[in-house]
There are 2 protein chains.
Amino acid sequence: MVKIDYRDPRPIYEQVVDGIEDLALRGALPADTQIPSVRQLAMELSINPNTIQRAYAELERRGVIYAAKGRGNFISDDIASLRARRLDEIGAEIGALAGRARTLGATEEQLRGWLGTKGEDRE
Amino acid sequence: MVKIDYRDPRPIYEQVVDGIEDLALRGALPADTQIPSVRQLAMELSINPNTIQRAYAELERRGVIYAAKGRGNFISDDIASLRARRLDEIGAEIGALAGRARTLGATEEQLRGWLGTKGEDRE
DNA sequence: TTATGTGTATTATATGTCTTAATACACTTG
DNA sequence: CAAGTGTATTAAGACATATAATACACATAA
């Protein structure tokens with residue numbers, strides 16, 4: 001479901017949040033799919049249930065999952081809008097990095113090259 | 001010289017490091033320019049000298065400044081290579097974000113648009 | 001109804017990072 | 001020699017993270 005990297009300086013709960021959000025936004029977990037229970041995932045990852053509880057609370061706050069007391073946690077409907085929002089954020093990050101790169105003297109060719117994979121026009 | 005933003009979740013010493021590195025890489029502080037002493041900058045920013053000490057140690061580790069005991073701290077020569085390295089890092093970040101954006105369904109047009117300012121070809 | 005598995009909330013403890021505080025010492029310069 | 005530098009050390013507090021141990025309400029299947 002998710003993997004924890006203990007060399008990653010980010011807190012565990014954040015890695016869990018990002019991991020599940022990633023699966024949801026990519027469509028790997030369709031809407032209304034049930035995800036592991038708090039205790040299940042804690043067992044699987046060998047971490048404390050409270051840590052998963054915190055991660056799930058954050059995922060619910062973000063609208064990635066919804067909780068049904070006594071039944072479990074499920075992937076939210078309307079992942080599309082979450083995906084769009086996330087793309088906006090990524091776009092803003094890329095824009096900021098591009099501006100910073102230009103400040104340091106990067107050329108437009110470099111910038112386009114960093115985007116990779118398409119429109120490369122190699123000589 | 002540098003400004004601290006207390007709403008910024010990053011530690012103070014890190015903000016100082018990034019601020020001075022930025023000034024150096026942009027060329028705002030030429031090579032061999034003396035920067036404020038540990039105690040001076042601490043006074044100016046109303047923070048503890050130990051925090052500046054830590055920031056300067058990190059800047060020296062990165063090669064942005066060099067220290068001369070009893071005299072002060074100075075901007076390093078060969079800022080050019082540091083700038084190049086930083087641009088490589090930014091390029092890698094942009095590449096990663098671009099890949100992630102494609103995974104979420106971003107179009108090449110979107111990606112180019114996010115780079116901003118040039119080659120927009122607006123209709 | 002009961003048992004089991006859910007989500008949820010609470011309190012306590014331990015650990016690590018960040019920051020401040022207070023010194024101390026070696027070095028450079030006027 | 002005095003003042004200003006870098007540098008190192010020890011202590012304390014605030015805060016975030018994670019674990020531990022419960023407790024309780026709800027849903028579902030036996």
Side-chain angles (χ1 to χ4, degrees), chain A residues 1-21 24 29 31-77, chain B residues 1-21 24 29 31-77:
Chain A
M1 192 57 161
V2 170
K3 266 207 296 189
I4 302 302
D5 178 3
Y6 285 97
R7 296 166 308 177
D8 190 327
R10 291 179 308 160
I12 296 174
Y13 82 89
E14 196 176 312
Q15 293 186 44
V16 173
V17 168
D18 289 356
I20 293 183
E21 183 177 59
L29 297 176
D32 300 316
T33 304
Q34 182 164 14
I35 63 177
S37 75
V38 168
R39 295 171 180 80
Q40 265 178 16
L41 189 53
M43 279 283 296
E44 183 183 324
L45 300 180
S46 303
I47 61 182
N48 194 279
N50 291 358
T51 303
I52 301 297
Q53 187 174 333
R54 178 168 182 181
Y56 280 10
E58 173 62 18
L59 283 166
E60 192 174 13
R61 196 193 64 77
R62 294 193 192 180
V64 177
I65 67 175
Y66 61 90
K69 238 192 207 173
R71 297 202 301 121
N73 287 280
F74 304 85
I75 300 294
S76 174
D77 303 5
Chain B
M1 192 58 161
V2 171
K3 266 208 295 191
I4 302 301
D5 179 3
Y6 285 96
R7 297 165 308 177
D8 190 327
R10 292 178 308 161
I12 296 174
Y13 81 91
E14 197 176 310
Q15 293 187 43
V16 173
V17 168
D18 289 356
I20 293 183
E21 184 178 58
L29 296 176
D32 300 316
T33 303
Q34 181 163 15
I35 62 177
S37 76
V38 168
R39 295 170 180 82
Q40 264 178 17
L41 189 53
M43 279 283 296
E44 181 183 325
L45 300 180
S46 301
I47 61 182
N48 194 280
N50 290 357
T51 304
I52 300 297
Q53 188 174 333
R54 179 167 183 181
Y56 280 11
E58 173 61 18
L59 283 165
E60 191 174 14
R61 197 194 62 78
R62 294 193 191 180
V64 177
I65 66 176
Y66 61 90
K69 238 193 208 170
R71 298 202 301 123
N73 287 282
F74 303 84
I75 300 297
S76 174
D77 303 7

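Throughout, protein chains are lettered first and strands after them, A, B, ... in sequence-line order, and every chain is numbered starting at 1. Remember, it's a predicted structure, so these values are computed and weren't measured experimentally.
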Could you check if a side-chain atom of [X] sits within less than 4.5 angstrom of a side-chain atom of [Y], using non-hydrogen atoms only?
X       : Y       : answer
A/Leu29 : A/Met1  : yes
A/Thr51 : A/Val16 : no
A/Leu41 : A/Ile47 : no

Does [N] have OP1 or OP2 sitting under 4.0 Å from an N or O in the side chain of [X]?
X       : N      : result
A/Arg54 : D/dA18 : no
B/Asn73 : D/dG6  : yes
B/Tyr13 : C/dT19 : no
A/Gln34 : C/dT6  : no
B/Ser37 : D/dG4  : no

Rounded to the nearest 0.5 Å, how far does CD of A/Gln53 lie from CZ of A/Arg39?
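Spacing of CZ (A/Arg39) from CD (A/Gln53) equals 8.5 Å.
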Whole-Å gap separating [atom2] ([N]) and [atom1] ([X]):
X       : N      : atom1 : atom2 : answer
B/Ile35 : D/dT5  : CD1   : P     : 12 Å
B/Glu58 : C/dT19 : CD    : P     : 13 Å
A/Leu59 : C/dG7  : CG    : C1'   : 14 Å
B/Glu14 : C/dT19 : CD    : C1'   : 14 Å
B/Arg10 : D/dA16 : CZ    : P     : 18 Å
B/Ile4  : C/dC18 : CD1   : P     : 14 Å
A/Tyr56 : C/dT8  : OH    : P     : 11 Å
B/Ile52 : C/dT20 : CD1   : P     : 9 Å

Pairs in or reaching into residues 62-71 of chain B: which pass salt bridge (Lys or Arg N to Asp or Glu O under 4.0 Å), with residues at least two apart or in two chains?
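Found B/Asp18-B/Arg62, B/Glu21-B/Arg62, B/Glu58-B/Arg62.
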With heavy atoms under 4.0 Å as the rule, sort B/Gln53 into base, sugar-phosphate or nothing.
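Base: the residue B/Gln53, judged by heavy atoms under 4.0 Å, touches a nucleobase.
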Has A/Thr33 got a side-chain atom pairing as donor or acceptor with A/Ile75's backbone, closer than 3.5 angstrom?
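Checking the backbone N and O of A/Ile75 against the side chain of A/Thr33, no donor-acceptor pair under 3.5 Å is found.
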Letter by letter from the 5' end, nucleotides 19-30 of chain D scores (B base, S sugar-phosphate only, - none; protein heavy atoms under 4.0 Å) BBB-B--BSS--
Among the nucleotides C/dT6, C/dT19, C/dT8, which one has an atom lying closest to any side-chain atom of A/Gln40?
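For the A/Gln40 side chain, the nearest candidate turns out to be C/dT6.
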Take a 6.0 Å sphere around CE of B/Met43 and say whether it holds more than 12 heavy atoms from other residues, nucleotides or ligands.
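Not more than 12 within 6.0 Å, no.
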